[in-house]
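Encoded as structure tokens, the structure appears first; notes follow it.
Note that the structure is a prediction, hence the values are computed from the model and not measured. Count residues from 1 along the sequence. As the structure lists them, so they are numbered: ligands from 1, and atoms in each ligand from 1.
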Amino acid sequence: MSIANTERTFAHSQQLHTAFRPFSEDELRARYRRSAELYRRACSVIPGGIHLSGRPLVDPATTPMYFERGYGCRVWDVDGHEYIDYLMAFGSQLLGYAHPAVDDAVAQRSKRGQLLSMNHRDHVEFIEALLPLFPGAEMGVFLKTGSEATSAAVRIARRSTGRKRIARCGYHGWHDWCLPREDFVPSGLDAQVPEFVARDPSTLQAVFQDCPDQIAAVILAPEMVTPYEPSVFHELLRITHLHGALFIMDEVKTGIRIAPNSIAERAGIVPDMITVSKALANGWPLAATLGRREVMQAAAGMHYSATFHGDTTAMAAAHATLAVVHAECVQFRLEQLGRVLIQGLNAQAKEFGIPAEAYGEPLPAMPFFRFTHHDPAFNLFLSQFFFRQVLAHGIFLHPRHMWFLSHAHREEDIERTLDVTGKVLKHIAQELMR
Ligand SMILES: Cc1ncc(COP(=O)(O)O)c(C=O)c1O
């Protein structure tokens, strides 16, 4: 979709504004009755009722909590409502839900015993398929989740360098080393994993000065460099190597999703290791840690094993996913669609005088929209009103987490989304900000 088309879409959406009526609180509660009932049951058998990724969007009564099925970029909640989904299972459904080529590959594989007692040809061919896609990748190990991939990278770095501390920036998973300041983690771990601020490389310099010759690796989730600025990656890599440490790009979110395959490649850096997961296998659980041969050799004989690592269904899914990604230029499409969505939202915020901004986190294939009113309480009010209403009008936008485009999104989906956001923002301007 071109910019001119975006403007046309926006003008078109304005014509429909008169038809908009927000859902009342009571109507929202009635709308998600089955969802609320499931949540009530869940609270008695699952601690807190949810796994953390399924936290309430606004609250459990007035926003959907349970989905039943998904197809393409659409999901349906247990109360029967349809949504255009912009979370796509936190970015893992790169091609869309229930993609036929991917799911056929999985079905074929599962007929032959998907997890066998020894090594499998797929283990070799999966890593062989990934290596050419990532800068500097000469060897790799396969795992199941992003947390495992980053934990393996950290362990490999420690073994490879003989050093123990890790400098980190961003979310790297749920294991103890990733959450060293939580009260449930044994004390002392935080000193082993000092943090730096990616957009201020002097903070990394300071970590090295505080811990001379002790940092094994620097691990960075590249979305922490928002707005995207390639020179920041170059500077962080330079500082890391100057101090004899390894540089790990944690591309669990961005690997395969961002053109061309990674932010490392996009920014023109060659990290020592890269971790990838979410978008690899279109929703099937799979992860990998890849890197320079000299570094990765430290993984030989190192303990990083789990019963399900050798599962080959997800590897079959990855082969099918990668074939579509590259044959259909998926990454460039996502970026273009994301750009149109961001531009449309910013145009609407400007038109209606709403304190809000849309941007890529860090690039347009991963957009986000936030309210920027100077009063935090009013900002929260605006945000809750906006997200409740867009959800109730069939657009699944997450209020706190970056969004993800998928190959299943069409231009008409973006158009419909902007139609709804335009109506809600206009209502906010006319009724709530006067
Ligand atoms: C950058 C990054 N690293 C690691 C992880 C952990 O991945 P997982 O949730 O699959 O364990 C995430 C998850 O969101 C992530 O975004």
Side-chain angles (χ1 to χ4, degrees), residues 50-55 86-94 130 134 140-157 166-180 182 185 193 195-199 217-226 228 232-233 236 246-258 261-267 269 271-291 304 306 308-309 311 314-315 317-318 321 360-363 365-368 398 400-406:
I50 48 163
H51 70 120
L52 276 189
S53 301
R55 272 175 285 219
Y86 287 93
L87 196 60
M88 300 308 293
F90 289 88
S92 63
Q93 300 278 357
L94 184 70
L130 287 187
F134 296 98
V141 299
F142 49 88
L143 308 113
K144 276 284 158 205
T145 67
S147 300
E148 286 191 316
T150 57
S151 297
V154 161
R155 190 170 288 179
I156 293 167
I166 303 292
R168 70 192 177 100
C169 177
Y171 179 75
H172 307 295
W174 69 275
H175 294 166
D176 281 359
W177 71 269
C178 310
L179 308 167
E182 299 285 351
V185 171
V193 277
E195 276 187 89
F196 65 98
V197 179
R199 287 200 61 82
V218 170
I219 182 165
L220 169 68
E223 59 273 16
M224 299 307 286
V225 183
T226 297
Y228 175 71
V232 173
F233 295 102
L236 295 173
L246 301 173
F247 193 75
I248 305 165
M249 278 287 266
D250 177 4
E251 303 232 25
V252 163
K253 281 192 199 75
T254 50
I256 300 298
R257 163 169 295 275
I258 296 294
N261 298 316
S262 65
I263 291 208
E265 177 102 38
R266 174 85 162 238
I269 60 163
D272 298 293
M273 279 185 272
I274 298 189
T275 54
V276 284
S277 180
K278 288 178 189 278
L280 262 184
N282 208 48
W284 294 89
L286 191 59
T289 300
L290 312 154
Y304 68 95
F308 292 114
H309 280 175
D311 155 60
M315 291 179 189
T321 303
E361 191 174 342
L363 286 159
M366 296 157 66
F368 192 58
H398 200 291
R400 298 175 303 276
H401 196 285
M402 66 188 58
W403 311 335
F404 298 94
L405 271 307
S406 82

Hey, does the side chain of Glu251 reach the backbone of Ile263 with a donor-acceptor pair shorter than 3.5 angstrom?
-> yes

Around Phe308, counting heavy atoms of other residues, nucleotides and ligands shown, do more than 12 lie under 6.0 Å from its CZ?
-> no

Enumerate the pairs of nitrogen or oxygen atoms, one from ligand 1 and one from the protein, separated by less than 3.5 angstrom; state names and distance to 0.1 Å.
| residue | atom | partner | partner atom | Å |
| --- | --- | --- | --- | --- |
| ligand 1 | 3 (N) | Tyr171 | O | 3.2 |
| ligand 1 | 3 (N) | Asp250 | OD1 | 3.2 |
| ligand 1 | 3 (N) | Asp250 | OD2 | 2.7 |
| ligand 1 | 7 (O) | Ser147 | N | 3.4 |
| ligand 1 | 10 (O) | Gly146 | N | 2.9 |
| ligand 1 | 11 (O) | Ser147 | N | 2.8 |
| ligand 1 | 11 (O) | Ser147 | OG | 2.5 |
| ligand 1 | 14 (O) | Lys278 | NZ | 3.1 |
| ligand 1 | 16 (O) | Lys253 | NZ | 2.7 |

Any donor-acceptor pair under 3.5 Å linking the side chain of Trp284 with the backbone of Met315?
-> no

Would Ser151 and Glu148 count as having a side-chain donor-acceptor pair, cut-off 3.5 Å?
-> no

Is the CZ atom of Arg155 crowded by more than 12 outside heavy atoms at less than 6.0 Å?
-> no

Are the side chains of Asp250 and Tyr171 in touch, meaning some heavy atoms are under 4.5 Å apart?
-> no

